[in-house]
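Nothing here was measured: the structure is a model prediction, and the numbers come from that model. The sequence lines fix the lettering, A, B, ..., with proteins before strands; numbering per chain opens at 1.
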Number of protein chains: 2
Amino acid sequence: MTGKKTKLSKSNSEQRIRARNEAKILKSAVELFSRKGFDGTRIAEIAEASGLPKANVYYYFANKAAIYTRLIEGVLTGWDRALEHITPDREPREALSLYIAAKLDYSRKHASESRFFANEMLRGGKFLSRQQKRHMKEITREYARVIEGWMEEGKIVRVDPNHFLIMLWATTQFYADFSTVAAATVEKKHLTASDFETARSTIVDIILNNCVPPR
Amino acid sequence: MTGKKTKLSKSNSEQRIRARNEAKILKSAVELFSRKGFDGTRIAEIAEASGLPKANVYYYFANKAAIYTRLIEGVLTGWDRALEHITPDREPREALSLYIAAKLDYSRKHASESRFFANEMLRGGKFLSRQQKRHMKEITREYARVIEGWMEEGKIVRVDPNHFLIMLWATTQFYADFSTVAAATVEKKHLTASDFETARSTIVDIILNNCVPPR
DNA sequence: GTCTATATGTTGATAGAC
DNA sequence: GTCTATCAACATATAGAC
């Protein structure tokens, strides 16, 4: 109301600097939180990994929790996008293949986000807002209904739709969260793109060849 | 060499007290570590949860890492026991059903041990000794070979045996590590024995009915 | 074996010069 | 917007009386 215009609207360069530094902080933070959790991660570590002094981290974020909750929001968005492949009008074989591929792709390309969320789930989801919890439940319900619909139409065999969804999530998630174990299992130091491809075809084989009757 | 006998061999009551207090500490520690990880867990919290003063925790364990590594050893033992159901002489349907049931049972009854190990894997397994890593690899190899054997005999369909093993582990593990998500998915506050039973039959249905040809 | 007190170092967060 | 200096709170771990 009384502030001057130059005070209210930030300059372009200021905004760019803010955007760049926030991104640096968030990128370092998700990696650290994903490995050591909220309490285990030190602001000083985040600062060092971002190449910024610790005080600058506090310039951009009010406190540790503010960084953490911003990251949760980002992961939930990515989570939703993979699920968008499951639509009732698609044939189950196509929809589920696409979903499995997309989810594995997310596990490969956003491994630290995935681990970060896993860490938050191990904690019991204490940092999720009520709204975010509700959103996750609604999304789950929505897709469980699509799967149930396919079962009613006889397009896939009848099993418990909730546990069916859990299987999809568990198998694809594993390759991000426990990539150490997965890599050791295939006798490599790190999982490669071709390991992910083998994972994809194995999951599709086992889940789809059983559940979806041949055309 | 110079110590008196009474100094070398502890009395029965001393041993019992030690055993009881160590057990209390380990039980509290596994729950806390499983939720907050190594760096996130405070010795004071462990002490409080055990009902002992902090200094007593240090009387029984040299430091935080000593508690942590003792717990890892315990989890690996439990892990092995579930796998023992997979033997080459058994029919795949029987062996795999037993394994899935045993692993889910472990997830239900030892959820915090399971989460604890998941946390350690998220960290990348930094606390595992070289010996423990080798043991895990050998065990994995051994069971992958059993599965490969069944495939060669035509007893189960041919898929990648490593990724097949991963699927078994991922689906059963999920119900312990992400029980929050699983409970929300089935629209309950906590998973019950009957939820675990539905999980078991769904996993068995999807994995076995596809992979194991009907008798 | 139990427990209070404490040494020694870290941590989250802020003040305030530039 | 950047950064040094600093603080109060809290951490691990130990000393030593009981």
Side-chain angles (χ1 to χ4, degrees), chain A residues 3-33 35-71 123 126-127, chain B residues 3-29 32-33 35-71 123 126-127:
Chain A
K4 284 179 266 174
K5 188 161 184 214
T6 50
K7 276 278 172 195
L8 286 174
S9 62
K10 297 271 170 65
S11 79
N12 264 347
S13 98
E14 269 178 82
Q15 283 182 329
R16 268 208 314 279
I17 288 171
R18 171 168 285 272
R20 183 160 43 85
N21 283 341
E22 283 186 359
K24 272 191 208 169
I25 292 166
L26 290 169
K27 194 182 166 186
S28 306
V30 74
E31 176 62 27
L32 286 160
F33 281 137
R35 301 231 172 255
K36 319 213 275 177
F38 182 79
D39 294 314
T41 300
R42 313 287 155 215
I43 299 280
E45 290 177 302
I46 296 175
E48 199 190 1
S50 321
L52 293 168
K54 196 171 65 165
N56 292 33
V57 174
Y58 280 102
Y59 177 72
Y60 291 107
F61 293 92
N63 48 40
K64 192 153 80 161
I67 307 177
Y68 198 84
T69 50
R70 264 279 284 279
L71 288 170
R123 268 192 85 105
K126 299 267 190 294
F127 271 93
Chain B
K4 284 179 266 173
K5 187 159 183 217
T6 49
K7 275 280 172 196
L8 287 173
S9 62
K10 298 269 170 67
S11 79
N12 265 348
S13 97
E14 269 178 81
Q15 282 182 331
R16 267 208 315 279
I17 289 171
R18 170 168 284 273
R20 184 162 41 86
N21 283 340
E22 282 186 0
K24 273 191 206 165
I25 292 166
L26 291 169
K27 195 182 167 188
S28 307
L32 285 160
F33 280 138
R35 300 230 172 257
K36 318 214 276 178
F38 182 79
D39 294 312
T41 301
R42 313 287 157 214
I43 299 279
E45 291 178 300
I46 297 175
E48 201 191 359
S50 321
L52 293 168
K54 197 170 64 165
N56 292 32
V57 174
Y58 281 102
Y59 177 73
Y60 292 109
F61 293 92
N63 49 40
K64 191 154 78 161
I67 306 177
Y68 198 84
T69 51
R70 264 279 285 278
L71 288 171
R123 266 193 87 104
K126 299 269 189 295
F127 271 93

Name the nucleic acid region contacted by B:S13, choosing base, sugar-phosphate or nothing; use a 4.0 angstrom heavy-atom cut-off, strictly under.
nothing
Between C:dG12, C:dT2, D:dT12, which nucleotide gets closest to the side-chain atoms of A:K54?
C:dG12
May I ask you to decide if A:L52's main-chain N or O and A:K24's side chain share a donor-acceptor pair within less than 3.5 Å?
no
So what does A:K64 touch, heavy atoms closer than 4.0 Å: a base, only the sugar-phosphate, or nothing?
sugar-phosphate
Please report the distance, rounded to the nearest Å, between OH in A:Y68 and C1' in C:dG12.
17 Å
Could you check how far CD1 of A:I43 sits from P of C:dA13, rounded to whole Å?
6 Å
Give a yes/no on whether any side-chain N or O of B:N21 is located under 4.0 angstrom from OP1 or OP2 of C:dT2.
yes
A:L52 CG to D:dT4 C1': how many Å, rounded?
15 Å
Determine: side-chain N/O of A:R42 to OP1/OP2 of C:dT10, distance under 4.0 Å, yes or no.
no
Whole-Å gap separating P (C:dG1) and CZ (B:R16):
11 Å
Using atom CG of B:N63 as one end and atom P of D:dT14 as the other, report the distance to the nearest whole Å.
8 Å
Ignoring the backbone of B:Y58, work out which of C:dG1, C:dA13, D:dA13 is nearest its side chain.
D:dA13
Heavy-atom count around A:E48 CD within 6.0 Å, excluding the residue itself: above 12?
no
Do NZ/NE/NH1/NH2 and the carboxylate oxygens of B:E14 and B:R18 come within less than 4.0 Å?
no
Position toward the 5' end of DNA chain C (nearest nucleotide), A:D39 or B:P53
B:P53
Separation of B:I67 atom CD1 from D:dA11 atom P, in whole Å?
15 Å
Whole-Å gap separating C1' (D:dG1) and CD (A:E14):
8 Å
Euclidean distance, A:E22 CD relative to A:S50 OG, rounded to 0.5 Å:
11.5 Å
From CZ of A:F61 over to P of D:dG1, roughly how many Å is that when rounded to an integer?
12 Å
B:N56 vs C:dC3: side-chain N/O to OP1/OP2 distance below 4.0 Å
yes
Where is the tightest heavy-atom contact between A:A47 and A:K54, given as atom of each residue plus distance?
CB-CA, 3.6 Å
How is A:Y60 classified with respect to the nucleic acid when contacts are heavy atoms under 4.0 Å: base, sugar-phosphate, or nothing?
sugar-phosphate
